[in-house]
Amino acid sequence: MILIAGPCVIESRENVMRIAESLGKYAGDERIDFYFKASFDKANRTSLESFRGPGLEEGMRIFEEVKNTFGYKTLTDVHETWQVPKVAETVDVLQIPAFLCRQTDLLVAAAKTDCVVNIKKGQFMVPADMQYSVLKVLKTRGYESADYETSAKAGVWLTERGSTFGYGNLVVDMRAFPIMRRFAPVIFDATHSVQMPGQGGKTGGDSSFVPYLARAAAAAGVDGFFFETHFDPSIALSDGPNMIRLETLDTLLEQIVKIREIVE
């Protein structure tokens with residue numbers, strides 16, 4: 001099972017290293033393929049005044065320290081094509097943000113690296129149409145068709161993070177998982193899926209629903225999970241309302257693993 005976990009954004013070197021250390025148990029679990037996640041730049045914040053992160057240069061220095069200290073595989077977002085070569089020198093997975101999942105130049109630039117490419121499904125996208133984003137990466141890498149086996153071999157993932165219907169909320173339709181698994185391995189972003197956009201100039205959320213959605217996704221047969229975590233989400237500088245506390249992750253992961261074993 002793929003597990004992507006870490007803070008939403010790099011708030012500081014000290015915060016990242018503390019959270020990274022606390023996640024070490026998952027990297028040593030033979031049932032889990034662990035990736036440490038953080039963003040060096042949250043480029044799609046609601047407000048101009050919102051905290052975005054340390055930027056590319058400092059962000060990559062911190063990722064290097066995480067890799068050298070803990071040996072983790074790492075994942076981060078890229079928002080523009082010029083960022084891709086520099087980020088690809090450091091991390092193992094390039095993540096295409098949901099709002100950019102159709103951006104051809106960004107997908108092609110990521111595909112030209114040796115990194116796994118994780119494409120988040122846009123909140124506005126029909127699940128079946130994500131095959132075309134997958135194909136942009138696969139064709140750049142020399143493949144002609146999109147199916148689960150080809151994408152797994154070529155290092156292309158899809159991530160579900162809910163759909164928006166204009167009511168200040170996101171809805172997770174479990175049918176999206178088997179639909180998208182026709183084209184690629186699928187990760188469920190359990191924390192971003194409980195966001196509530198449009199909460200007075202910032203994005204809100206309700207993290208109490210994360211366990212319910214994660215357990216349902218495990219039963220639906222996804223390939224992995226994405227959790228943003230923090231020691232104290234109430235003081236997190238980004239996405240605090242939908243993040244989960246680090247100490248709650250153990251129990252939830254054990255439940256997920258058991259559900260997956262039953263389904264398999």
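We number each residue from 1, following the sequence as shown. Not measured: the values here are computed from a predicted model.
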Go through it in stages, so that I can follow the logic: the residues are Lys67 and Asp92, the test is salt bridge (charged side-chain N to carboxylate O under 4.0 Å, His left out), and I'd like the CA-CA distance, side-chain angles, deciding distance and then a yes or no. CA-CA 10 Å; Lys67 290 175 72 74; Asp92 301 278; 2.8 Å; yes
Will you find, in the side chains of [X] and [Y], an N or O donor that is under 3.5 Å from an N or O acceptor?
X	Y	value
Ser133	Lys121	no
Asn15	Ser12	no
Asn118	Tyr35	no

How close do [X] and [Y] get, counting heavy atoms only, and between which atoms?
X	Y	answer
Ala214	Phe225	O-CE2, 3.4 Å
Phe183	Ser151	O-OG, 2.5 Å
Ser208	Pro211	O-CD, 3.5 Å

Donor-acceptor pair, distance only, cut-off 3.5 Å: does the side chain of [X] make one with the backbone of [Y]?
X	Y	value
Glu58	Gly55	no
Arg141	Thr113	yes
Tyr143	Thr150	no
Lys73	Phe36	no
Gln83	Leu56	no
Arg181	Gly221	yes
Thr140	Lys136	yes
Glu21	Arg18	no
Ser22	Ile19	yes
Asp223	Ile187	no

Taking atom [atom1] of [X] as the centre, does the number of heavy atoms from other residues, nucleotides or ligands within less than 6.0 Å exceed 12?
X	atom1	value
Asp114	CG	no
Tyr148	OH	yes
Arg102	CZ	no

Phe227 pairs by side-chain contact (heavy atoms from CB on, under 4.5 Å) with which of Leu246, Ile4, Leu3?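 Between Phe227 and the candidates, side-chain contact (heavy atoms from CB on, under 4.5 Å) is satisfied uniquely by Leu3.
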Cationic N near anionic O, under 4.0 Å, Glu254 to Arg31: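 Yes, this pair counts.
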Using 4.0 Å as the upper bound for N to carboxylate O, is an ion pair formed by Arg245 and Asp232?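 Yes, this pair counts.
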Identify, with sequence neighbours excluded, every residue that meets side-chain hydrogen bond (donor to acceptor under 3.5 Å, both in side chains) alongside Thr76.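 Residues passing side-chain hydrogen bond (donor to acceptor under 3.5 Å, both in side chains) with Thr76: none at all.
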A side-chain contact here means heavy atoms from C-beta on lying under 4.5 Å apart; do [X] and [Y] qualify?
X	Y	result
Leu94	Val116	no
Gln103	Ile96	no
Leu23	Phe70	no
Met180	Val134	no
Lys42	Leu237	no

Could you tell me whether Arg61 sits above the aromatic face of Phe63, with NZ or CZ closer than 6.0 angstrom to the six-membered ring centre and within 45 degrees of the axis?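 Geometry flag: not set, cation outside 6.0 Å or 45°.
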Check whether NZ of the Lys or CZ of the Arg Arg161 lies under 6.0 Å from the centre of the six-membered ring of Phe226 and within 45 degrees of that ring's axis.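 Arg161 over Phe226 ring: no.
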Glu160 and Val222: CA distance, side-chain angles, deciding distance, side chain to side chain contact (heavy atoms under 4.5 Å, CB included) verdict: CA-CA 10 Å; Glu160 169 63 73; Val222 297; over 6 Å; no
Lys120 and Asp77: CA distance, side-chain angles, deciding distance, salt bridge (charged side-chain N to carboxylate O under 4.0 Å, His left out) verdict: CA-CA 10 Å; Lys120 284 197 168 185; Asp77 314 271; 5.4 Å; no
Classify the angle between the aromatic ring planes of Phe99 and Phe124 as parallel (below 30°), tilted (30 to 60°) or perpendicular (above 60°).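 Phe99 vs Phe124 ring planes: parallel.
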Point-to-point distance, once rounded to the nearest 0.5 Å, from OG of Ser238 to CE of Met243: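 It comes to 8.0 Å.
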